[in-house]
Amino acid sequence: MSVLEKIDSPADLKNISNEELEELASEIRAAVLHKVSNVGGHVGPNLGVTELTIALHKVFNSPVDKFIWDVSHQTYPHKILTGSKNGFTDGHFHDITPYTSQRESEHDFFTVGHTSTSIANALGYAKPRDLTKDKGNIIAVIGDGSISGGLAMEALNNAGDFQGNLIILFNDNQMSIAENHGGLYRNLAELRETNGQAENNFFKTFGLDYKYLENGNDIESLVNLFEEVKDIDHPIVLHIHTEKGRGYQPALENKGSFPLAYAL
Ligand SMILES: Cc1ncc(C[n+]2csc(CCOP(=O)(O)OP(=O)(O)O)c2C)c(N)n1
């Protein structure tokens, strides 16, 4: 029996050993590649967040803890772990949409394809949670290509004033659809080069707490980081360095050509 066969919802991940989680990452990548090579879809972004998604679902308790994905074209691993894995098998590819969808899953909170929305949307869940004294971590997942959008800037500004739990998972794979351009990206490079220690830190200028993880494709490091910040009482940015296209050589060699694959 494969590890994936044992997982119908995130709760099933709780009893899976670390070794099996590595195996699960390979199985998820195989499922993503199987689907996109048959009917097209997003490739590199999904391969890059496979470990990150497994670790999120291992540590947090979705849907009480809420993952708010930016763009949401990087949610195939999330969909596989949250009840839609059948949509990656022959004959069922079109049973599901390629983005998050509240109609498809209780683990999804928005139907979204626009970039730069997730931090604002996450604040829209975090504020009423606190007003109604409800529980749960709110986690925005946003990429480096999307962080420079105006809406993301506005939301970072608001987050800097927010008093409660908010985790901004900044997935830095050093690529937008194509390469990134603009002054912000010099500071992000400086942060990567100094293991997050550079004095000049874009996120801290908003008053946000900050942690850096260099190997964002290592499940154990991700699990440890998420356990450290689970139930945190203030906003924090987790700057996580991942590899777009991880595990599939053509996507690694041609990052710009593999945001999408087209149906054969
Ligand atoms: C408002 C808006 N502008 C542009 C796009 C086109 N677009 C789709 S994804 C993306 C950026 C993707 O980069 P990143 O956020 O780093 O995610 P990755 O694909 O690298 O995981 C862009 C600009 C969009 N979807 N919405």
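Indexing begins at 1, ligand by ligand and atom by atom, following the structure's order.
- In this model, no donor atom of one side chain and acceptor atom of the other lie less than 3.5 Å apart for Glu104 and Ser84.
- In this structure, CD1 in Ile28 is found 10.0 Å from NZ in Lys85, a value given to the nearest 0.5 Å.
- A distance limit of 4.0 angstrom between heavy atoms and ligand 1 selects the residues Pro45, Val71, His73, Gly113, His114, Thr115, Gly143, Asp144, Gly145, Ser146, Asn173, Met175, Ser176, Ile177, Lys244.
- Within the structure, the side-chain hydrogen bond (donor to acceptor under 3.5 Å, both in side chains) test picks out the following pairs touching residues 58-71 (sequence neighbours left out): Lys14-Asn61, Ser62-His107, Asp65-Asn137, Asp70-Ser118, Asp70-Ser146.
- Ion pairing between a basic and an acidic side chain is recognised when a charged N comes within 4.0 Å of a carboxylate O; Lys204 and Glu199 show no such pairing.
- Less than 6.0 angstrom separates the ring centroid of Phe93 from the ring centroid of His34.
- Although no hydrogens or angles enter the test, the distance criterion places no donor-acceptor pair under 3.5 Å between the side chain of Lys127 and the main chain of Gly164.
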